[in-house]
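Written out below as structure tokens is the structure these notes cover.
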Amino acid sequence: LGLVQSGPQVVADRYSYFSCMPLAILAGAGIATAWRRLGTNGRNGILVGIAVCSLTFVMLTRSQVRLWKDSETLWTSVIERGGSRGIAHANLASVLNERGEFESACAHARQALDTLPGNRTAHFALGSCSAALDDLATAEEHFATALDIAEAVGKTASSEIVALADVKARLGEFEEAEGLYRRLIAAEPGNAVWPTLFSDFYADQQRWAEAVGFLRQAIKVDPLYAPARSRLAGGLVHMGDLAGAVEVLEAGVRLGGDAALTSRLAWILATASDDSLRDGPRALRLALDAVDATGGRSITALEALAAAYAETGDFINAVWTIQYLLEEDTFPLPPHTNARLEDQLAQYRLNEPHRE
């Protein structure tokens, strides 16, 4: 009934809704009984009492709702009002990781583990912030512990496996990382995400044949999974198989592929060094579709559009499009992207199409 403490929560807000309904019914029944028995003055007193109670409850509710503004506010309030609560520290650490406040996240995760050394969330949070801060030894230790805890209670541990595999790869422990990925794929063979992530492991080592193999496995599992198809096209390009990349992207576009696939296909059709693969007019149509689908906010789509303009001889629009990307404040460009676009701009100003 919410009258006594039950469970680890400080206050059972969410659990009180249903259990308190009988109390409201009893209060209502009491007021109804009094209303029938009292005269005018008594009834006026009841109305005043109801008004005062309602106003009080409105103010209290307004104050309480503020605690649920967002997860950070909630868990910070729990810690402030309830003392050192391990679960609250662990959850707050997870929130801070998502916001990129890794040092604060580590501090709260360690506070959580001081009181709850077996808390899976706290171990995973500490592993995450440690990995972000390049403390890979600590990250490896706590991801492994989180994985052990999850397996001990029979819960799915895909996040822990992926995180631990990534850290081991960064540490150069490639065989262990590979074993973890293979274990995850075997456990969930119908999930296209895992072989896609595994392909990144091989791509980072320039082992393109293995990366492409797992990406083909991913799109076989889910032909509509655009990240796998896009990565597969990229892998084939690295292997020099532009025709294969076009085939993969064409299939994705036919299946209703997203703007990223359309942009990549437009780029290859506009810039391929193989004359038999280039198709400027089609590249232009695809790039315009991608720009329209993304509301003109995609760097990839606009870059492909500029290349398509150049391939069709419209160098004025090619130059204008790249200048727009370079000058528009809404496009935060990393240095390497900025340099790449500057090179393309120089080509288009010389009335030269881009080739790859």
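FYI, side chains are in, hydrogens and waters are out, and symmetry mates aren't considered; it's all heavy atoms of this structure. When a residue number appears, it is its place in the shown sequence, counting from 1.
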_Between R231 and D200, does the side chain to side chain contact (heavy atoms under 4.5 Å, CB included) criterion hold? Intermediate values first, please._
CA-CA 9 Å; R231 283 177 171 83; D200 290 343; 3.0 Å; yes
*Checking side chain to side chain contact (heavy atoms under 4.5 Å, CB included) for the pair I31/I46: CA distance, chi angles, key distance, verdict?*
CA-CA 8 Å; I31 291 172; I46 290 176; 3.7 Å; yes
*Begin with the C-alpha distance, continue with both residues' side-chain angles, and end with the deciding distance and a verdict on side chain to side chain contact (heavy atoms under 4.5 Å, CB included) for V193 and L197.*
CA-CA 6 Å; V193 174; L197 287 178; 4.1 Å; yes
*Passes side chain to side chain contact (heavy atoms under 4.5 Å, CB included), D134 versus R170? Steps please.*
CA-CA 9 Å; D134 288 326; R170 290 169 64 184; 2.7 Å; yes
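For the pair L249/W267, no side-chain contact is recorded, criterion being any heavy-atom separation below 4.5 Å from C-beta on. Counting heavy atoms from C-beta outward, P353 and T271 have side chains that stay 4.5 Å or more apart.
Nearest heavy-atom pair, A226 versus L261, reported as atom, atom and distance to 0.1 Å: O-CD2, 3.8 Å. Contact detail for A283 and L269: the closest heavy-atom pair is CB-CB, 3.8 Å. The shortest non-hydrogen separation linking N317 to T321 is O-OG1, 2.7 Å. In terms of heavy atoms, A270 sits closest to R355 at O-NH1, 3.4 Å.
The closest side-chain donor-acceptor pair between S276 and D274 falls under 3.5 angstrom. Side-chain atoms of H354 and Q347 include a donor-acceptor pair closer than 3.5 Å. R264 and S230 share a donor-acceptor pair across their side chains, judged by distance under 3.5 Å alone. A donor atom on one side chain and an acceptor atom on the other are found under 3.5 Å apart for D70 and T73. Using a 3.5 Å distance cut-off with no hydrogens or angles, the side chains of W194 and E188 do pair a donor with an acceptor. Looking at N44 and N41, their side chains never bring a donor and an acceptor atom within 3.5 Å of each other.
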Would you give me the side-chain donor-acceptor pairs under 3.5 Å for residues 284-293, sequence neighbours excluded?
none

Output side-chain donor-acceptor pairs under 3.5 Å for residues 210-219, partner residues at least two apart or in another chain, one line each.
{"unit_1": "E210", "atom_1": "OE2", "unit_2": "R207", "atom_2": "NE", "d": "3.2"}
{"unit_1": "E210", "atom_1": "OE2", "unit_2": "R207", "atom_2": "NH2", "d": "3.2"}

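Between the CG atom in L325 and the CG atom in N338 there is a gap of 10.0 Å [rounded to 0.5 Å]. Taken to the nearest 0.5 Å, the CD atom of E327 stands 11.5 Å off from the CD1 atom of I322. Atom CG of L67 sits about 9.5 Å away from atom CD of E80, to the nearest 0.5 Å. Atom CG in N119 sits 7.5 Å away from atom CG in N91 (nearest 0.5 Å). Summarising the geometry, atom CZ belonging to F143 is positioned 8.0 Å from atom OG belonging to S130; distances are rounded to the nearest 0.5 Å.
Each of E176, E175, E141 was compared with K168 under the salt bridge (charged side-chain N to carboxylate O under 4.0 Å, His left out) criterion, and only E176 meets it.
More than 12 heavy-atom neighbours from other residues, nucleotides or ligands sit within 6.0 angstrom of CD on E356. Heavy atoms from other residues, nucleotides or ligands lying under 6.0 Å from CD of Q206 number more than 12.
Of the charged side-chain nitrogens involved, none lies within less than 4.0 Å of a carboxylate oxygen, so that R282 and E311 do not count as a salt-bridged pair. Between D343 and R340 there is no salt bridge, since no side-chain N of the basic residue sits under 4.0 Å from a carboxylate O of the acidic one. Between E160 and R120 there is a salt bridge, since a side-chain N of the basic residue sits under 4.0 Å from a carboxylate O of the acidic one.
In this pair, F198 and Y181 present their aromatic rings parallel. The plane angle is below 30°, not in the 30 to 60° band.
With hydrogens and angles disregarded, a donor-acceptor distance shorter than 3.5 Å links the side chain of R278 to the backbone of A272.
No path of Ile, Leu, Val, Met, Phe, Trp and Tyr side chains, each step under 4.5 Å between heavy atoms, connects F102 with L126, placing them in separate hydrophobic clusters.
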